[in-house]
Amino acid sequence: PVSIGLGVSFLCSVTGIGGPLLFYPAWMLWDPQVAMKTLVGISSPFSTTLVTMSGISALTFGQVDIGLALPLMVLTTGCVLGGGALMRRMGDSSLQLCIGVILMLLGAVLAARTMHKMITA
């Protein structure tokens, strides 16, 4: 598990892609029988650390857009609480399907954005 975390962290820092986009598939390749609730529970500290360090860096070295940061903070908190409540009610197979669809959509959006940048550049 430590090597998976180090490898995914390195790829996230090099590529700028968020943790779950790389973390979930890597962990599922290592342990295909892992419960989705376990993956979500493990990735929460990863995400919290990433957001905290990003906030500290922005406050220390850059300018923070309070008009953007405050609504995102409220929206993110609400979504995390709502997602936690929904996760308790969902079974592992439906949660796995939901996360798979979200990751596929996110990958498609990233691919489309990259293609758009390549075409317009």
Side-chain angles (χ1 to χ4, degrees):
V2 174
S3 61
I4 291 173
L6 288 173
V8 169
S9 298
F10 175 74
L11 288 173
C12 288
S13 66
V14 171
T15 61
I17 295 174
L21 188 63
L22 296 174
F23 177 73
Y24 288 0
W27 192 284
M28 290 183 78
L29 283 174
W30 180 68
D31 182 13
Q33 301 302 321
V34 67
M36 292 308 292
K37 293 178 183 179
T38 303
L39 280 179
V40 173
I42 290 173
S43 70
S44 293
F46 179 81
S47 300
T48 302
T49 303
L50 181 66
V51 169
T52 302
M53 296 312 295
S54 296
I56 290 170
S57 298
L59 288 172
T60 304
F61 301 111
Q63 296 178 349
V64 178
D65 184 0
I66 297 297
L68 179 63
L70 288 177
L72 282 175
M73 185 172 52
V74 171
L75 180 67
T76 301
T77 303
C79 288
V80 166
L81 293 173
L86 187 63
M87 183 179 73
R88 278 192 306 223
R89 293 187 181 132
M90 294 175 76
D92 275 342
S93 61
S94 58
L95 186 61
Q96 188 173 11
L97 177 65
C98 182
I99 289 174
V101 167
I102 289 171
L103 289 176
M104 292 296 289
L105 289 173
L106 184 58
V109 167
L110 289 173
R113 188 176 74 174
T114 302
M115 291 298 290
H116 176 66
K117 283 184 181 181
M118 290 173 62
I119 291 170
T120 59

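When a residue number appears, it is its place in the shown sequence, counting from 1. All values below were derived from every heavy atom in this structure, side-chain atoms included, with hydrogens, water molecules and symmetry-related copies excluded.
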Are Lys117 and Thr114 packed together at the side-chain level, in the sense that at least one heavy-atom pair is separated by less than 4.5 angstrom? no

Are the side chains of Val101 and Leu105 in contact, using a 4.5 Å heavy-atom criterion?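 With C-beta onward as the side chain, the pair touches.
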
Arg113 vs Leu110, test: side chain to side chain contact (heavy atoms under 4.5 Å, CB included). Steps then yes/no. CA-CA 5 Å; Arg113 188 176 74 174; Leu110 289 173; 3.7 Å; yes

Path from Met90 to Val34 over hydrophobic side-chain contacts below 4.5 Å: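 Yes, Met90 connects to Val34 through the hydrophobic network.
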
